[in-house]
Trainee: 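My questions all concern the structure below.
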Amino acid sequence: LKDAGLRAKVDAAVKAGGLDPNQMQVIDNTCPADATASGASLEDQGKEKLEWKDVFELTEWFRPGTLKQDKNFDPNAGIKAM
C-alpha cells in the first residue's frame, strides 16, 4: 500500500489475526495478454471442446438405454453461436 496510514492499519489488523505482515505477498490478478474472453489461452482455443451432444453420449455411456434418440438428433441445432 502506498498510503502509510492505511498500511499501518492493515498491518495492525494482520497482526491481530496472528499473522506476520512481512510475510504477505502481492497478488497480481491481471489477465495474461494471450487470454481470450472465455479465459482460455490462444493455445487452448484450438483444442477439442465438448458440445451438448457429448453430454447425451456420456449419459448413454454411463447408463445405456437412458435416452432414446433419433439418429439425426442434434441438440446444437438452432443454437446461435456466441
Trainee: Under 4.5 Å between any side-chain heavy atoms of Met24 and Leu19, yes or no?
Mentor: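 They are in side-chain contact.
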
Trainee: Applying side chain to side chain contact (heavy atoms under 4.5 Å, CB included), name anything that partners Asn22, two or more places apart in sequence or on another chain.
Mentor: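 Listed in chain order: Asp20.
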
Trainee: Taking all non-hydrogen atoms of both residues, which atom of Asp11 and which atom of Pro21 are closest, and how far apart?
Mentor: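 The answer is OD1-CB, 3.4 Å.
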
Trainee: Could I get the full list of side-chain hydrogen bond (donor to acceptor under 3.5 Å, both in side chains) partners for Asp28, not counting sequence neighbours?
Mentor: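 Asp28 satisfies side-chain hydrogen bond (donor to acceptor under 3.5 Å, both in side chains) with Thr30 only.
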
Trainee: About how many Å separate CG of Asp3 and NZ of Lys9, when rounded to the nearest 0.5 Å?
Mentor: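 It is 8.5 Å, given to the nearest 0.5 Å.
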
